[in-house]
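The figures here come from the full heavy-atom set of this structure, side chains too, leaving out hydrogens, waters and symmetry mates. By convention here, the first residue in the shown sequence is residue 1. Nothing here was measured: the structure is a model prediction, and the numbers come from that model.
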Amino acid sequence: MKKINLAEKFSNFEEQWTPKIIAESNGQLVKLAKGSGELIWHAHKNEDELFLVVKGKLTIKLRQENSELEAIELNPGELFVVPKGVEHCPIAEDDTHFLMIEPASTEHTGEHKTDVTVAQENQAWI
């Protein structure tokens with residue numbers, strides 16, 4: 001058992017939208033990521049996804065079943081849980097740092113596979 005220093009962990013990588021695993025608890029993975037710009041629209045059919053902003057600003061666009069769009073803006077120290085099945089698209093100001101907590105089964109971009117998708121087996125522990 002070791003304590004984890006988030007600033008130190010964030011300094012260990014530069015990749016954008018590439019989750020890095022830092023801990024596991026009760027089947028949930030704790031991941032760090034950096035973002036700039038927009039990821040892609042996607043949903044996680046069976047898993048909720050928690051976002052906590054550490055640095056910068058993260059906007060999470062949500063698309064409801066009735067096609068209504070909503071945007072949740074998160075500043076440092078704020079978090080939001082995207083419920084399972086809700087289509088969302090994260091957008092980050094330059095050099096935004098955030099933490100995610102999600103079940104180990106969560107696919108990076110849900111069922112949508114693109115050149116930015118990081119497969120579960122390629123998500124590195126740091």
Show your reasoning for whether side chain to side chain contact (heavy atoms under 4.5 Å, CB included) applies to Ser36 and Glu93. CA-CA 5 Å; Ser36 292; Glu93 286 186 348; over 6 Å; no
Full working for side chain to side chain contact (heavy atoms under 4.5 Å, CB included) between Leu62 and Leu69: CA-CA 6 Å; Leu62 305 170; Leu69 290 178; over 6 Å; no
d(Ile72 CD1, Glu78 CD) to nearest 0.5 Å is 10.5 Å
For Gly56 and Pro76, the nearest pair of non-hydrogen atoms, with its separation, is O-CD, 3.1 Å
To the nearest 0.5 Å, atom NZ of Lys57 lies from atom CG of Asp94 at 13.0 Å
Interatomic distance, CD1@Ile101 vs CZ@Phe51, rounded to 0.5 Å, equals 11.5 Å
Residues 18-31, side-chain donor-acceptor partners within the protein, below 3.5 Å, at least two apart:
residue	atom	partner	partner atom	Å
Thr18	OG1	Gln16	O	3.0
Lys31	NZ	Glu102	OE2	2.6
Lys31	NZ	Gln123	OE1	2.6

Correct closest heavy-atom pair for Gly35 and Phe98 would be N-CE2, 3.9 Å
dist Ile40:CD1 -> Glu87:CD (nearest 0.5 Å) comes out at 9.5 Å
> Sub-3.5 Å donor-acceptor pair from the side chain of Thr106 to the main-chain atoms of Glu47, do we have one?
Replying inline: no
Of all heavy-atom pairs linking Ala33 and Phe10, the shortest is O-CE2, 3.4 Å
The reported gap from CD1 in Ile91 to CG in Leu58 (rounded to nearest 0.5 angstrom) is 8.5 Å
What one should report as the nearest heavy-atom pair of Trp17 and Gly37 is CZ2-O, 3.2 Å
On a heavy-atom basis, the closest approach of Val82 and Val86 is CG1-O, 3.9 Å
Interatomic distance, CH2@Trp125 vs NZ@Lys9, rounded to 0.5 Å, equals 9.5 Å
Same hydrophobic cluster for Leu32 and Val81, using side-chain heavy-atom links shorter than 4.5 Å among ILVMFWY?
yes
Problem set entry | Test item: Ile60 and Leu74 side chains (from C-beta on) under 4.5 Å apart, heavy atoms | yes
Contacts satisfying ring pair (Phe, Tyr, Trp, His ring centres under 6.0 Å) that involve residues 54-89 (not counting sequence neighbours) are His42-His88, His44-His88
Asp48 side chain to Lys84 main-chain N or O, any donor-acceptor pair under 3.5 Å?
yes
| task | Please answer: with hydrophobic residues joined when any side-chain heavy atoms are less than 4.5 Å apart, are Ile126 and Met100 in the same cluster? | result | no
Counting C-beta onward and ignoring hydrogens, is there a side-chain heavy-atom pair between Leu50 and Leu79 closer than 4.5 Å? yes
I'd like to know if Lys61 pairs up with Glu70 as an ion pair, taking the criterion as any Lys NZ or Arg NE/NH1/NH2 lying under 4.0 Å from an Asp or Glu carboxylate oxygen. no
Under 4.0 Å between a Lys/Arg side-chain N and an Asp/Glu carboxylate O for Asp95 and Lys34? no
